[in-house]
Amino acid sequence: MMQYGLLVMGAPYSSPAPHSALRFAHAVLARGHQLAGVFFYHDGVHNASSLMAPPQDELNMHDAWAELHQQHAVPLDVCIAAALRRGLMNESEAQRHGKQAYNLSPPFELTGLGQLLELQQRADRLITFA
Amino acid sequence: MMQYGLLVMGAPYSSPAPHSALRFAHAVLARGHQLAGVFFYHDGVHNASSLMAPPQDELNMHDAWAELHQQHAVPLDVCIAAALRRGLMNESEAQRHGKQAYNLSPPFELTGLGQLLELQQRADRLITFA
Amino acid sequence: MATPNALLVIIRHAPHNSSWLREGLDAALVAAAFGQPVHLLFMGQGILALLKEQGSGAAGQKATLPTIDMLEMYDIEKLWVTEEALKGMHLTTDALVEGVTLLAEQQVPGLLQQHSNILSF
Amino acid sequence: MATPNALLVIIRHAPHNSSWLREGLDAALVAAAFGQPVHLLFMGQGILALLKEQGSGAAGQKATLPTIDMLEMYDIEKLWVTEEALKGMHLTTDALVEGVTLLAEQQVPGLLQQHSNILSF
Amino acid sequence: MILHILTKAPDSSAAAQMQQAVGAQDSVLLIEEAVTAALAPAWEAWEQCPSRIFLLLEDLKSRGLASIAAEHQLPTLEMDGFVALTEQYTKTVTWY
Amino acid sequence: MILHILTKAPDSSAAAQMQQAVGAQDSVLLIEEAVTAALAPAWEAWEQCPSRIFLLLEDLKSRGLASIAAEHQLPTLEMDGFVALTEQYTKTVTWY
């Protein structure tokens with residue numbers, strides 16, 4: 001049994017990386033490993049958007065990640081600097097920036113890049129999807 | 001004097017296309033032409049996000065487009081299908097999808113792809129930035 | 001071959017890698033629905049959109065083949081591919097959907113000239 | 001050259017085209033700030049990040065040169081570029097910022113082996 | 001020993017950079033757009049890393065390339081095999 | 001007559017596709033990443049379209065390539081010249 005960390009740097013619907021990462025995540029768990037965390041960076045932060053509304057016959061990637069968290073308690077960390085630039089913020093960041101709305105909420109958590117490096121240190125394997 | 005239309009298909013901070021398009025738009029106006037409209041498609045829909053919060057020493061692309069609209073009444077049309085997939089919606093779409101928040105508001109307008117083809121027909125020039 | 005108001009949509013991206021292909025085909029379908037004559041030119045990886053054996057993606061990614069099949073219903077009858085590109089991919093028309101028209105690479109500039117509107121995806 | 005816990009950050013994207021370069025350098029700086037030994041390998045278009053004449057973008061795009069200059073302050077002293085890549089771009093080290101170390105292309109696999117952690121941007 | 005994961009086509013700059021970085025003991029996994037390498041028998045990497053290049057089967061299937069890969073007897077893996085491969089290699093580098 | 005706008009590097013598939021599509025009367029404008037063509041004197045397009053390839057000066061400057069372009073006497077345009085070029089060509093195609 002090993003600890004895996006995933007780094008996701010592509011946006012859903014624009015890159016196949018989130019799809020690959022999600023399928024990989026389920027295969028990791030199916031082989032009896034643990035998922036120490038998923039870190040969303042670069043355009044990968046868009047995976048965390050609670051406002052995405054794809055057509056009903058397409059996978060809602062936000063919901064698919066949230067389900068992974070619910071079933072396996074996998075931390076879903078989003079780089080705060082990459083997120084704010086791209087229009088992703090949680091309630092407290094919205095207040096800080098004087099915005100009326102927010103589009104990121106638990107189980108996704110805004111965090112610093114240090115969390116990625118910590119994940120790389122802690123996990124036996126870090127796999128990048130980009 | 002000619003009518004120009006712009007098609008923008010890159011996201012700010014991930015692609016240089018919006019920067020090029022904005023500079024081109026100002027140069028078009030400076031040469032005495034008219035801007036019949038800007039159409040945001042593919043990842044270009046992220047230009048319309050009212051929640052983007054880049055560092056203070058970087059250009060806020062949403063605000064830069066809004067300013068272009070204020071000063072020159074340039075229509076800013078966003079493809080609704082491309083936007084909804086990517087987590088961009090206005091107040092009425094938020095209601096329709098049962099979401100608590102929205103991140104797209106005037107001067108950006110959600111519209112169909114027909115608007116792009118209409119712009120291409122109406123304008124003397126359609127320039128793509130992607 | 002030349003039609004005054006015709007739109008040429010250039011498809012350069014493969015299925016499943018991004019939404020470029022889907023969004024390019026959508027633009028073609030909407031133009032055709034508006035009654036504009038629409039032709040498609042497939043270049044590079046875009047040719048993969050025409051492979052008849054393609055399926056849907058593993059995790060809820062929609063297949064594009066049904067959209068390709070819809071083109072004919074919308075009277076989009078010209079699907080151009082260059083012989084050289086096909087050869088470069090070691091493919092023959094047998095591997096592709098019905099209705100693809102081959103042209104020589106040197107005819108591509110002329111094809112672009114003949115369309116008054118072009119969109120590239 | 002080998003350090004047990006060292007991080008190699010591979011930079012493959014040029015300034016101003018995307019945030020890949022900026023976000024890659026940020027990762028390097030944060031790792032260094034956490035006390036991890038960090039080395040950088042510049043490949044392909046990433047080499048353009050080292051051009052000393054680069055400026056800021058025209059419309060409020062931030063320059064990356066100040067970030068490159070910060071690397072030394074964070075004790076990121078190894079900035080590797082292959083001789084072959086530089087030659088392929090018809091550039092010499094005169095065009096680059098100070099402190100770049102050249103290596104032969106055939107040494108690249110060994111460089112990757114020597115680092116226990118790798119991130120590629 | 002490193003597992004290199006390529007996600008872009010064999011004629012991309014990502015592929016060229018990966019080819020520079022692959023060591024004698026390393027393996028290569030082709031996923032996403034990279035599985036179009038099945039259409040490129042002349043790709044130098046086939047020579048460079050004989051018998052150590054794998055293709056992700058589900059990405060071949062979704063692109064309609066599975067039978068071409070089978071014809072060329074290219075080694076394919078399911079997602080489970082992808083995980084198994086990462087178990088064997090302590091480091092992976094993704095080229096995109 | 002078409003103005004081709006290239007935004008990607010000369011070794012990209014976008015550039016290769018553009019080279020197929022450029023007609024004898026067409027012109028080419030290099031913007032964004034495409035201005036790195038200043039570092040590629042062997043690029044076939046220089047032969048293919050002599051005297052009809054322009055580079056956007058502000059993109060050269062921001063990338064530190066303006067003096068190299070000047071050395072090679074490559075024709076550059078300001079953003080205003082870019083607009084002027086689009087005035088002359090009824091159609092533009094962007095390759096990205």
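Order of the sequence lines sets the chain letters (A, B, ...), proteins ahead of strands, with each chain counted from 1. Computation of the quantities below employed the complete heavy-atom set of this structure, encompassing side-chain atoms and omitting hydrogens, waters and symmetry-equivalent molecules.
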For the [atom1] atom on [X], are there more than 12 heavy atoms of other groups (residues, nucleotides or ligands in this structure) within a distance under 6.0 Å?
X       : atom1 : result
E:Gln73 : CD    : no
E:Gln88 : CD    : yes
E:Gln48 : CD    : yes

Discussion item. Set out, in order, the CA-CA distance, both residues' side-chain angles and the distance that settles side-chain contact (heavy atoms from CB on, under 4.5 Å) for A:Ile127 and E:Ile5, then state yes or no.
Written reply: CA-CA 9 Å; A:Ile127 317 289; E:Ile5 302 169; 3.8 Å; yes

Counting only non-hydrogen atoms closer than 4.5 Å, does [X] touch chain E with its backbone (N, CA, C, O), its side chain (CB onward), both, or neither?
X        : result
A:Ala130 : both
A:His33  : side chain
A:Leu7   : neither

Discussion item. If I compare all heavy atoms of A:Ser20 with all of E:Glu32, which pair ends up nearest, and what's the gap?
Written reply: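 Looking at all heavy atoms of both residues, the shortest contact is OG-OE2, 2.5 Å.
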
Fill in: Heavy-atom closest pair, residues A:Tyr4 and E:Val83
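Where A:Tyr4 meets E:Val83 most closely, the heavy atoms are OH-O, 3.6 Å.
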
Worksheet item: Heavy atoms under 4.5 Å from chain E: which residues of residues 101-112 of chain A carry them?
Response: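 Listed by number, there are no contacting residues, so the answer is none.
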
Worksheet entry | Contacting region of E:Thr7 [heavy-atom separation from chain A under 4.5 Å] |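 The side chain, not the backbone.
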
Worksheet item: Which bit of E:Glu87 is near chain A, if near means a heavy-atom gap under 4.5 Å: side chain, backbone, both or neither?
Response: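 Contact with chain A: backbone and side chain both.
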
Item to complete: Tabulate, in ascending numerical order, the residues of residues 89-96 of chain E having at least one heavy atom closer than 4.5 Å to a heavy atom of chain A, or enter 'none'.
Response: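 Checking residues 89-96 of chain E against chain A gives E:Tyr89, E:Thr90, E:Thr92, E:Thr94, E:Tyr96.
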
Discussion item. For the CG atom of E:Asp59 and the NE2 atom of A:His19, what is their distance to the nearest 0.5 Å?
Written reply: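 Those atoms lie 11.0 Å apart.
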
Fill in: side-chain contact (heavy atoms from CB on, under 4.5 Å) assessment of E:Leu56 paired with A:Arg23
CA-CA 12 Å; E:Leu56 194 62; A:Arg23 276 141 49 200; 4.2 Å; yes

Item to complete: Please report the C-alpha distance between E:Leu3 and A:Arg125 in whole Å, then the side-chain angles of each, then the deciding distance to 0.1 Å, and finally whether the side-chain contact (heavy atoms from CB on, under 4.5 Å) criterion is met.
Response: CA-CA 11 Å; E:Leu3 173 65; A:Arg125 299 287 184 273; over 6 Å; no

Discussion item. Quick check for you: among A:Ala30, A:Ala17, A:Gly10, which has the greatest number of heavy-atom pairs under 4.5 Å with chain E?
Written reply: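 Max contact count across the listed options: A:Ala17.
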
